[in-house]
Amino acid sequence: MLDYPMPIATRCGTAHVRRLLDVLLAELSAELAVPRGVLSGSVGDVASPVSAGLYAELLGTPATCRVILHVDNKATDDDGYFAAYPALAVAAVRLSDAVDAEACLTYELDRVVMRRRGGRLELFDWFRPWGDPAVLERVPRPFVVTPQDGRL
């Protein structure tokens, strides 16, 4: 599995975030033809002090929970591997918007994919789905696509 961690800071509880993520992933997987098991997600508390420090640095405020989106890297294109990425991108943005969260979606805590701070959404263009107009049509506005490589 390839992990896309997304710490968030929201007033919503972890259980609410988990339910909403499950709904979003199901809807987007059906809409974008992502087979079951190729894209999944988990939500949990921030338990580790080391993680808490890193997440606070990414968000500019303490994280209240962590979301991890998973893509099955053993899936082939025929299995929907490439279809998972647009769904992942849109799910992350819609989730952070729905719970009015400070959020930072990363690729394995190495590169920033998307950041939402103070309601301002920033999409990092190294992540290919942000270059697809069909993906951007599904993203709540306003947003800015930035040419930064997102390296942490």
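From a predicted model like this one, the values you see are computed outputs, not experimental measurements.
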I need the F127 CZ to T106 OG1 distance, nearest 0.5 Å.
10.5 Å
Please round to the nearest 0.5 Å and tell me the distance separating atom CG of L20 and atom CG of L24.
4.5 Å
Salt bridge present between D149 and R151 (N-O < 4.0 angstrom)
yes
Can you tell me how far the CG atom of L2 sits from the CG atom of N73, to the nearest 0.5 Å?
4.0 Å
Starting from the C-alpha separation in whole Å, work towards a yes-or-no answer on side-chain contact (heavy atoms from CB on, under 4.5 Å) for L54 and V50.
CA-CA 6 Å; L54 175 62; V50 173; 5.8 Å; no
Indicate if V23 and V99 have the same hydrophobic cluster label, given that clusters are the connected sets of ILVMFWY residues with side-chain heavy-atom separations under 4.5 angstrom.
no
So with a 6.0 Å cut-off around CZ of R141, is the heavy-atom count from everything else above 12?
yes
Nearest heavy-atom neighbours spanning A101 and I8:
CB-CB, 4.0 Å
Is there a side-chain contact between V71 and L88 in this structure, where contact means two heavy atoms from C-beta onward sitting under 4.5 Å apart?
yes
Hey, could you give me the CD/CG distance between E27 and L32, rounded to the nearest 0.5 Å?
11.0 Å
Taking the side chain as everything from C-beta on, heavy atoms only, tell me whether W130 gets closer than 4.5 Å to V113.
yes
Stepwise, does the side-chain contact (heavy atoms from CB on, under 4.5 Å) test hold for L109 with L58?
CA-CA 10 Å; L109 294 173; L58 289 172; 4.1 Å; yes
Considering all heavy atoms of both residues, which atom of L25 and which atom of G41 are nearest to each other, and what is their separation?
CD1-N, 3.6 Å
Are the side chain of R94 and the backbone of P140 linked by a donor-acceptor contact shorter than 3.5 Å?
no
Verify, without hydrogens or angle tests, whether D3 (side chain) and P5 (backbone) share a donor-acceptor contact under 3.5 angstrom.
no
Determine whether L69 and L105 satisfy the following criterion, side-chain contact (heavy atoms from CB on, under 4.5 Å), listing intermediate values before the conclusion.
CA-CA 9 Å; L69 297 166; L105 177 65; 4.2 Å; yes
Nearest heavy-atom pair of C65 and G44: which atoms, and what distance?
CB-O, 3.2 Å
Distance, nearest 0.5 Å, that separates CE of M6 from CG of L59:
10.0 Å
Ignoring hydrogens and angles, tell me if any N or O in the side chain of D45 forms a donor-acceptor pair with the backbone of A47 under 3.5 Å.
no
So does E31 pair up with R138, basic N to acidic O under 4.0 Å?
yes
Is a side-chain donor or acceptor of E102 paired with a backbone partner of G118 at a separation under 3.5 angstrom?
yes
Any R115 side-chain heavy atom under 4.5 Å of R120 side chain:
no
All heavy atoms of P86 vs all of A83, minimum pair found to be CD-O, 3.3 Å
Search all heavy atoms of G80 against all heavy atoms of P35 and return the closest pair with its distance.
CA-CD, 3.7 Å
Counting only N and O atoms by type, is there a donor-acceptor contact under 3.5 Å from the side chain of S40 to the main-chain atoms of G37?
no
Name the one of S42, S51, S48 that satisfies side-chain contact (heavy atoms from CB on, under 4.5 Å) with R66?
S42
N/O donor-acceptor pair under 3.5 Å between R116 side chain and M114 backbone:
no
Interatomic distance, F143 atom CZ to L123 atom CG [nearest 0.5 angstrom]:
6.0 Å
Are any side-chain N or O atoms of T64 and backbone N or O atoms of T10, one a donor and one an acceptor, separated by less than 3.5 Å?
yes
When you compare the side chain of D72 with that of Y81, does any pair of heavy atoms fall below 4.5 Å?
no
Closest non-hydrogen atom pair between L39 and A84, with its separation
CD2-O, 3.8 Å
When you look at Y4 and I68, which way does the side-chain contact (heavy atoms from CB on, under 4.5 Å) test go after all the steps?
CA-CA 5 Å; Y4 287 79; I68 302 177; 5.9 Å; no
With a 4.5 Å cut-off on side-chain heavy atoms, are L121 and P142 touching?
no
Side chain to side chain, V90 and V135, heavy atoms closer than 4.5 Å:
yes
Linking I/L/V/M/F/W/Y whenever their side-chain heavy atoms sit closer than 4.5 Å, directly or via other members, would M1 and L21 fall into one cluster?
no
Is there a donor-acceptor contact under 3.5 Å from the side chain of W126 to the main chain of R111?
no
